[in-house]
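Just so you know, these numbers come straight off a predicted model, no measurement behind them.
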Amino acid sequence: MPIYHQLGSFPQKRHVLFEKPNGGLYYEQLFGTEGFNGHSSLLYHVHRPTQVKEILRSYSVEPKIAIGKNIKSLLFKGFELEPKTDFLESRKPMLVNNDCIIGLAAPQESLTSYFYKNADADEMLFIHKGKGKLRTMLGNIDFEYGDYLIIPRGMIYQIQFESSDNRLFYVESYAPFYTPKRYKNASGQLLEHSPFCERDFKLPTELETHDEQGDFMIKVKKEGIIHEMVYATHPFDVVGWDGYNFPYGFSIHNFEPITGRVHQPPPVHQTFETSTFVVCSFCPRLYDYHPKAIPAPYNHSNIDSDEVLYYVDGDFMSRNNIEQGHITLHPKGIPHGPAPGAMERSIGKTETEELAVMVDTFRPLMVTEEAMKLDDGQYYKSWVE
């Protein structure tokens, strides 16, 4: 995160004594990325954050692959994913490679009986349905429909929903999430031509500090295995922290589309990037205003990327028979473009109300068994007239 943020109390100098009011010392922890070269924060705990009492069990959640080397364009009906009571059980991987896991979740209840930590991957949770609060050891973030939640790897969190009808699109990334480099100056500030600015981010507030000892279950995901670990103290015992590595939110509704006289390429919609894929937001916007403009996207070859589109809301101008919660996969190796008739229908239109999230991966994606349960079976033929 290219913003300095702080909550609570901490000493004026790093790595010095920080005394408790009634005696004793707080325990400092560096929470960093990419060794000691990436973004980091310094945390101050009431108790040592290293006290593991027991590891109860470990079990695999590795995705089961149905198609390892895919050339077929596919459509998955995401809202047909069966809801599950538990947050982790509801998370189902759809598409995977060595860089990321792209999935869906439909949790019915809040995560309250345990805490969760992904030790391998940064997480991006996109809130399609639901409202609530992300609770973390660095503070809380309120969320609602249309919010991206970026949760750095190693972050201990719970998630609190206000209802049972929740739908999430998520990406686990083995490389950190950043805002696009071309929208920032040398010191990381977002520039004037960026489609969003620092004011749009939802930063952690409401730091919870629990001085509690006992048995606290933390489910830790590492290398495709969930380890159930019992900690001796409450993981939300931070009295203060500062730095650049923390969870944050961003609403897709705050993305300001870049438009032009003729059709603009997908990179103008870019919202986040990693070294292995990009995330784009397709938002309501005015169409191209050249007198002979064709608002529908031109046909293009997927030579370098697998393209995943998650359809959120509105009119999906370039496709036929697309509904909320659908996911399309356009694999590298074959061209794709508007569905038959979409180009013609778009001519003369002045605006679109579409809302969608796109993930373009630089390496091919494998298709999971969970995804094939939602496959419509016909999408790859949808360009035949």
Inset, instruction - With side-chain hydrogen bond (donor to acceptor under 3.5 Å, both in side chains) as the test, would you mind laying out the steps for N140 and E208 before giving the verdict? - result: CA-CA 8 Å; N140 300 335; E208 297 186 38; 2.9 Å; yes
Distance from [X] atom [atom1] to [Y] atom [atom2], nearest 0.5 Å?
X: C280; Y: L309; atom1: SG; atom2: CG; value: 9.0 Å
X: L138; Y: I151; atom1: CG; atom2: CD1; value: 11.5 Å
X: I101; Y: L95; atom1: CD1; atom2: CG; value: 11.0 Å
X: T136; Y: E206; atom1: OG1; atom2: CD; value: 10.5 Å
X: H128; Y: L104; atom1: NE2; atom2: CG; value: 10.5 Å
X: D99; Y: F362; atom1: CG; atom2: CZ; value: 9.5 Å

Look at the aromatic rings of [X] and [Y] and report parallel, tilted or perpendicular, splitting at 30° and 60°.
X: F246; Y: Y248; value: perpendicular
X: F196; Y: F250; value: tilted
X: F177; Y: F277; value: perpendicular

Could you pull out all donor-acceptor pairs under 3.5 Å where a side-chain atom in residues 76-92 meets a protein atom, sequence neighbours excluded?
unit_1 : atom_1 : unit_2 : atom_2 : d
D86    : OD1    : Y114   : OH     : 2.9
D86    : OD2    : L88    : N      : 3.0
D86    : OD2    : E89    : N      : 3.0
D86    : OD2    : Y114   : OH     : 3.1
S90    : OG     : F87    : O      : 2.7
R91    : NH1    : E123   : OE1    : 3.3
R91    : NH1    : Y157   : OH     : 3.3
R91    : NH2    : E123   : OE2    : 3.0
R91    : NH2    : E172   : OE2    : 3.2
K92    : NZ     : E89    : O      : 3.2

If the threshold is 4.0 Å, N to carboxylate O, is there a salt bridge linking [X] and [Y]?
X: D142; Y: K202; value: no
X: R285; Y: E256; value: no
X: D165; Y: K129; value: yes
X: R153; Y: D122; value: yes
X: E144; Y: K131; value: no

Is the shortest heavy-atom distance from the side chain of [X] to the side chain of [Y] under 4.5 Å?
X: T328; Y: Y311; result: yes
X: L355; Y: E353; result: no
X: K117; Y: F115; result: no
X: N299; Y: P335; result: no
X: V359; Y: V278; result: no
X: L42; Y: H15; result: yes
X: K373; Y: E370; result: yes
X: V367; Y: M372; result: yes

Does the separation of the ring centres of [X] and [Y] fall below 6.0 angstrom?
X: F18; Y: Y26; result: yes
X: H39; Y: Y178; result: yes
X: H269; Y: F282; result: yes
X: F31; Y: W241; result: no

Indicate the atoms forming the closest heavy-atom contact of [X] with [Y], along with that distance.
X: D288; Y: R261; answer: CB-O, 3.3 Å
X: Q29; Y: H45; answer: OE1-NE2, 2.6 Å
X: A296; Y: A342; answer: CB-O, 4.1 Å
X: S73; Y: Y380; answer: O-CB, 3.2 Å
X: L190; Y: S194; answer: CD2-OG, 3.8 Å
X: P49; Y: Y231; answer: O-CE2, 3.8 Å

Ignoring hydrogens and geometry, is there a side-chain-to-backbone donor-acceptor pair from [X] to [Y] under 3.5 Å?
X: D120; Y: E223; answer: yes
X: E351; Y: K349; answer: no
X: S281; Y: T271; answer: no
X: N302; Y: D306; answer: no
X: Q270; Y: P180; answer: no
X: H210; Y: E212; answer: no

Do other residues, nucleotides or ligands put more than 12 heavy atoms under 6.0 Å from the [atom1] atom of [X]?
X: K53; atom1: NZ; value: yes
X: K20; atom1: NZ; value: yes
X: I226; atom1: CD1; value: yes
X: E19; atom1: CD; value: no
X: Y59; atom1: OH; value: yes

In this structure, would [X] and [Y] fall into the same cluster of hydrophobic residues linked by side-chain contacts under 4.5 Å?
X: I218; Y: V52; value: yes
X: L365; Y: Y174; value: yes
X: Y27; Y: L207; value: no
X: Y4; Y: L30; value: yes
X: I334; Y: M366; value: no

Inset, instruction - Check the pair T352, D315 against side-chain hydrogen bond (donor to acceptor under 3.5 Å, both in side chains), reporting the backbone distance first and the verdict last. - result: CA-CA 7 Å; T352 177; D315 58 330; 3.3 Å; yes
Legend entry - D313 and Q324 side chains, donor-acceptor separation under 3.5 Å: yes
Legend entry - Geometric cation-pi criterion K219 and Y116, 6.0 Å radius, 45° cone: no
Inset, instruction - Give the C-alpha distance, both sets of side-chain angles, the deciding distance and a yes or no for side-chain hydrogen bond (donor to acceptor under 3.5 Å, both in side chains) between T274 and T276. - result: CA-CA 5 Å; T274 76; T276 58; 3.2 Å; yes
Inset, instruction - Check each of F169, Y148, Y145 against F126 using the ring pair (Phe, Tyr, Trp, His ring centres under 6.0 Å) test, and report the only one that passes. - result: Y148
Inset, instruction - Output, in order, the C-alpha distance, side-chain angles, deciding distance and verdict of side-chain hydrogen bond (donor to acceptor under 3.5 Å, both in side chains) for D211 and H47. - result: CA-CA 8 Å; D211 183 359; H47 301 280; 2.7 Å; yes
